[in-house]
Amino acid sequence: MAAADDSSTVYDLLIVGGGVNGTGIARDASGRGASVLLVEQDDLASYTSSASTKLIHGGLRYLEYYEFRLVREALIERDRLLAIAPHIMWPLRFVLPHSPEQRPVWMIRLGLFLYDHLAPKMKLPKSRALNLNTHSAGQPLQDQYKKGFVYSDGWVQDSRLVVLNAMDAANRGADIRTRTRLVSARRVNGIWEAEIEDMRKGGTKTVRAKGVVNAAGPWVARLLSNQLDLPNSKSVRLVKGSHIVVPQIFDGPQCYIFQNPDKRIVFAIPYEQRFTLIGTTDVTWNEEPGLVQISPEEVKYLCESVNRYFKEDIKPADVVWSYAGLRPLYDDAAANASAVTRDYVLDLDDTDGAPLLSIFGGKITTFRKLAEHALEKLAPVLPAVGGYSWTADAALPGGDLGTGGFEAALNRFRDAAPFLSLPFAWRLMRTYGMRAYDVVGTARSLSDMGEDFGQGMTANEVDYLIANEWARAPEDVLWRRTKIGLHMTEEQRQRVGAYIKEKVG
């Protein structure tokens, strides 16, 4: 049964897709005064945007494919993002052991030199050579690796980045509707009329908008043909990337980047204090888009990749968690999935004065710049999204940490909530930044935080996520808004799930 129509309101922009590109555009457009409706068929960051290697980086290996503009833009964005969301992003140092069978030393030196100098006023430490026989970073590595290099990049809690963009968009007036599917849309007298379906409660309604952004990620081409019934000259190439998580296999804050015989690279990164994250793969995906899983062949590949370098071998049985996602890359006809461009293409169709902008490709590091470019392209035919560019230095929710950076903010938070242990307070500040005070609320003791589900997850935090971050299911809380599910027992996870079900139905 259809719900009542909502067609009396005409939004400036209807955005389809609740990944990093869709929410980034919603944030930017709302801040320029445009009225925005964003619909996402599942939860925010359900697919590609929560399945990355979680790096804010220029993409060192893209230099081999002469992607200089993309790398330069990404390096500039890396520094900007680290400044506007220092609670969920931080710098890392990457160790690259050299193997004579792989890329020659001169090529690595040249690549790192370009990487250090493509972006003006780079704020992170530059690259340098390492003696792995004497440097602590060489201790976990096999003895044949005697020389290496170290360079800088950044880390991001990817699904939280998406949520924070959605929160900021909503704070600026955007209407964010998760579990809401676009059924169809068509142009009527210069306005888009769209039918949307509430996937939780059932029922459809009609909404109207002056312009549409197709930020459907893996579904971008299918949305054009199926929901919009429009021709499309561009195509998307789906590439599956998979990761594994194993118990910690090396000490120290450094990450490793390993070169494989097939010329691909694999990262090994400290993860969630007690684990190591290893990824990623590049496997062409020719089936329907949706939720995907790692294959046994990919697990074997990742294990073998790091076993070439580390003294301590890992095997498939050591994997405690894995995840996989589909990267919707713009199809540039590259023969090798690893060589497909990570750049983005913005396709504007302004037929009948009702613009449609479709986004092909992209990477998480450049989402903010992509949003700027998207609105620049729309502005001549949709003046409501004109205005000035404002997101480069505006903190994301919780990111205004004040003087002294993260450590000083953490100390002030501990003074305000002395009943929290250091690990508990650190996790809240790393997850929510200054919004951690909202999670604690009026609590003056640990018992005031409500039911303790284990591993520092309390009813207060779950309530906050339901009320402020669109959390509606256990996986939203356990695996996307946080990674607490990795630390919990199955019984603890089920208790969280039962509580959420009781709260939201």
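Worth knowing before you read on, the calculation uses all heavy atoms, side chains too, and leaves out hydrogens, waters and symmetry mates. Each residue takes its place number in the sequence, starting with 1.
- The aromatic rings of Trp479 and Trp321 lie parallel to each other, their planes meeting at an angle below 30°, with 60° marking the opposite boundary.
- Once rounded to the nearest 0.5 Å, the distance linking CG of Leu92 with NE2 of His57 reads 11.5 Å.
- Side-chain N or O atoms of Ser152 include one that pairs as donor or acceptor with a backbone N or O of Pro125 at under 3.5 Å.
- Taking the charged nitrogens against the carboxylate oxygens, Glu73 and Lys369 have no contact shorter than 4.0 Å, which rules out a salt bridge.
- None of Glu451, Glu490, Glu502 except one satisfies the salt bridge (charged side-chain N to carboxylate O under 4.0 Å, His left out) rule with Arg495; the exception is Glu451.
- Rounding to the nearest 0.5 Å gives a distance of 9.5 Å between CH2 of Trp426 and CG of Leu410.
- Using a 4.5 Å cut-off on side-chain heavy atoms (C-beta onward), His87 and Met429 make no contact.
- Proximity of a side-chain donor or acceptor of Ser242 to a complementary backbone N or O of Ala324 within less than 3.5 Å is not detected.
- Taking all atoms of both residues into account, the shortest heavy-atom contact from Phe453 to Thr458 is CE1-C, 3.7 Å.
- For the pair Lys483 and Tyr323, the cation does not sit on the ring face, since its NZ or CZ is not both under 6.0 Å from the ring centre and inside 45° of the axis.
- The shortest heavy-atom contact between Leu382 and Lys210 is CD1-CB, 3.6 Å.
- You'll find the ring centres of Trp219 and Tyr47 inside the 6.0 Å limit.
- Aromatic ring centres of Tyr344 and Phe360 lie farther apart than the 6.0 Å criterion allows.
- Checked options Arg481, Arg427, Arg435; the residue passing with Glu461 is Arg427 (criterion: salt bridge (charged side-chain N to carboxylate O under 4.0 Å, His left out)).
- Ring centers of His243 and Tyr271: at least 6.0 Å apart, outside the cut-off.
- Here the NE2-OG distance, from His117 to Ser127, works out to 8.0 Å after rounding to the nearest 0.5 Å.
- A cation-pi arrangement is absent between Arg32 and Tyr388 under the rule of less than 6.0 angstrom and at most 45 degrees off the ring axis.
- Remark: side-chain polar atoms of Asp12 are paired, donor with acceptor, to backbone N or O of Ser35 under 3.5 angstrom.
- Between Glu288 and Arg222 there is a salt bridge, since at least one side-chain N of the basic residue sits less than 4.0 Å from a carboxylate O of the acidic one.
- When each of Phe267, Phe94, Phe250 is tested with Tyr256 by the rule ring-ring contact (aromatic ring centres under 6.0 Å, His included), just one qualifies, namely Phe250.
- Residues Arg27 and Phe367 are not in side-chain contact: their nearest non-hydrogen atoms beyond the backbone lie 4.5 Å or more apart.
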